[in-house]
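What follows is one structure encoded as structure tokens, with my remarks underneath.
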There are 2 protein chains.
Amino acid sequence: MRMSEGVEWALHSCINLAWLEPGEAMPAAKLAGFFSLPAAYLNKQLQALARAGILTSTSGPRGGFRLARASEDITMLDVVTAIEGAEQAFRCEEILRRIPGDHEGVDYRKTCAISQSMWRAEMAWRRELAGQTIADLKRTVEKREPATPGNVRNRFANLRT
Amino acid sequence: MRMSEGVEWALHSCINLAWLEPGEAMPAAKLAGFFSLPAAYLNKQLQALARAGILTSTSGPRGGFRLARASEDITMLDVVTAIEGAEQAFRCEEILRRIPGDHEGVDYRKTCAISQSMWRAEMAWRRELAGQTIADLKRTVEKREPATPGNVRNRFANLRT
DNA sequence: GTTCGGTTACTCGGATATGTTCTGTCCGAGTGGTGAAGG
DNA sequence: CCTTCACCACTCGGACAGAACATATCCGAGTAACCGAAC
């Protein structure tokens, strides 16, 4: 069970976008250059965020990506779900159904004790992620390193390509 | 992010083992036959549980697998960890380190705000799983369907191969 | 000076390869039971 | 009848393929800025 590395990239990029001027767009190539990431692949992750309604994309010169809504309204869970998909990590295959007998009208994904416990655990995980927004992360960093927003904007301005 | 299907198999098999006579061993082929699973592949998962100290294995006739300790002392987290490995799902690649500057003595896996939040979420997930033992699952099923332990033993007795 | 239109550079978006992990299969090493032979 | 021993079926354990997914790359469609010419 391994989470895609794209989640880390997406979260960092969202925070960086939150530090830009409101309405300012940043192309994927620059967002990738910030962390020396492969541009085309980060682009793919950002597309997923756009499809999920977290970012909006603009084509052409001075285009790029920007946050589709306030950073207070984007949770970490939103980003994780956009990249990883909405499905649970544990997917009950209902192997109980493979025992001979009557399984009519039974959904073991809901009734199997194992499935229920796994679901509870996953909900606890989601609850934690849903309780943390991009704005929260931003605030945490700014409190520790107040110079960060300025540094980020500077680095973007000086990035070649 | 997808959890191995082997986790589901392993948990169901552990519960089945808990319903056997104390000290009774069950070969992988029968444990697999119970759910019509591929025997060799389930065997592989059970080997992982044995390596983790959850099961003990015996070779030769009348051999097989049995629980290495009381079902009260085997948590769902133990089983998940045995199959999936001990590593976190989210693995911080420390992309912050790829920004020019001084990163001497900094471990972003511990200090990065994103990594910390992901870690908290994962701990919440683990806490849930660690709070549920095989004995708990067993009790839940027995309460709903008291005939299950007998049915399971019967099915094992009548299984060919 | 203003407007219009063509050109151009830029950006996203999806289609296409490559590598890694999960899934599934196979066969050999070791083990304990079993049964026949001998005392 | 009891003991001994060789044989054999059984079981795990790890080595070996195939499928699915994540990673990485490339190129085309569309768009907005820009520049020059005409009015």
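The chains referred to below are lettered A, B, ... by the order of the sequence lines, with proteins before strands, and numbering in each begins at 1. Bear in mind that the values here come from a model prediction, so they are computed numbers and not experimental data.
- E84(A) pairs by the salt bridge (Lys or Arg N to Asp or Glu O under 4.0 Å) definition with nothing, not counting sequence neighbours.
- Straight-line distance from the NZ atom of K44(A) to the P atom of dT25(D): 12 Å, rounded to whole Å.
- Under the 6.0 Å cut-off for aromatic ring centres, H12(B) and F34(B) do not qualify, their centroids lying 6.0 Å or more apart.
- The side chain of Y41(A) lies closest to dT25(D) when the candidates are dG13(D), dC10(D), dT25(D).
- Here S117(B) pairs with Q132(A), R120(B) under the side chain to side chain donor-acceptor pair (under 3.5 Å) rule; sequence neighbours left out.
- In the region residues 1-25 of chain A, proximity to DNA chain C at under 4.0 angstrom, judged on heavy atoms, holds for M1(A).
- Proximity of a side-chain donor or acceptor of R2(B) to a complementary backbone N or O of A89(A) within less than 3.5 Å is not detected.
- For S59(B) and Q45(B), each mapped to the nucleotide of DNA chain C holding its nearest heavy atom, the one lying further toward the 5' end belongs to Q45(B).
- L37(A) has its CG atom 13 Å from the C1' atom of dT23(D), to the nearest Å.
- Proximity of T58(B) to the phosphate of dT11(D): no side-chain N or O atom is located under 4.0 Å from OP1 or OP2.
- Mapping heavy-atom proximity under 4.0 Å, the span of DNA chain C touched by chain A runs 5' to 3' from dC10(C) to dC22(C).
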Going by atom type alone, with no hydrogens or angles, which donor-acceptor pairs under 3.5 Å involve a side-chain atom of residues 138-149 of chain A and a protein atom two or more places apart or on another chain?
from    : atom 1 : to      : atom 2 : distance (Å)
R139(A) : NH2    : D136(A) : OD1    : 2.7
T140(A) : OG1    : D136(A) : O      : 2.9
E142(A) : OE2    : W19(A)  : NE1    : 2.7
R144(A) : NH1    : T111(B) : O      : 2.7
R144(A) : NH2    : Q116(B) : OE1    : 2.7
T148(A) : OG1    : E145(A) : O      : 2.7

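- Checking dC26(D), dT11(D), dA33(D) against the side-chain heavy atoms of R62(A) singles out dA33(D) as nearest.
- For E94(A), the salt bridge (Lys or Arg N to Asp or Glu O under 4.0 Å) test picks out R97(A), R109(A), with sequence neighbours left out.
- Within the structure, every side-chain polar atom (N or O) of R66(B) is placed at least 4.0 Å from both OP1 and OP2 of dT11(D).
- Considering only residues two or more places apart in sequence or on other chains, E8(A) meets the side chain to side chain donor-acceptor pair (under 3.5 Å) condition with none of them.
- Shown for residues 81-88 of chain B: no residue has heavy atoms falling under 4.0 angstrom of DNA chain D.
- The salt bridge (Lys or Arg N to Asp or Glu O under 4.0 Å) contacts involving residues 48-69 of chain A comprise R69(A)-D78(A), where partners must be two or more places apart or lie in separate chains.
- Residue contacts shown for P38(B) are limited to sugar-phosphate atoms, with no base heavy atom under 4.0 Å away.
- Across dA32(D), dG14(D), dC26(D), the shortest atom-to-atom separation from the side chain of Q47(B) is found for dG14(D).
- Mapped onto DNA chain C by nearest heavy atom, A39(B) and N43(A) fall at different nucleotides, with N43(A) at the one closer to the 5' end.
- Note on P27(B): only backbone sugar-phosphate atoms sit closer than 4.0 angstrom, heavy atoms only; bases stay farther off.
- Nearest heavy-atom pair across L55(B) and C14(B) is CD2-SG, 4.5 Å.
- Residues forming a salt bridge (Lys or Arg N to Asp or Glu O under 4.0 Å) with E87(A) (at least two apart in sequence, or on another chain): R91(A).
- Protein atom CG of L49(B) is 11 Å distant from nucleotide atom P of dG13(D), rounded to whole Å.
- Among residues at least two apart or in separate chains, ring-ring contact (aromatic ring centres under 6.0 Å, His included) pairs with a member in residues 41-86 of chain A are W9(A)-Y41(A).
- Applying the salt bridge (Lys or Arg N to Asp or Glu O under 4.0 Å) test to every pair with at least one member in residues 124-133 of chain A, sequence neighbours left out, gives these pairs: E122(A)-R126(A).
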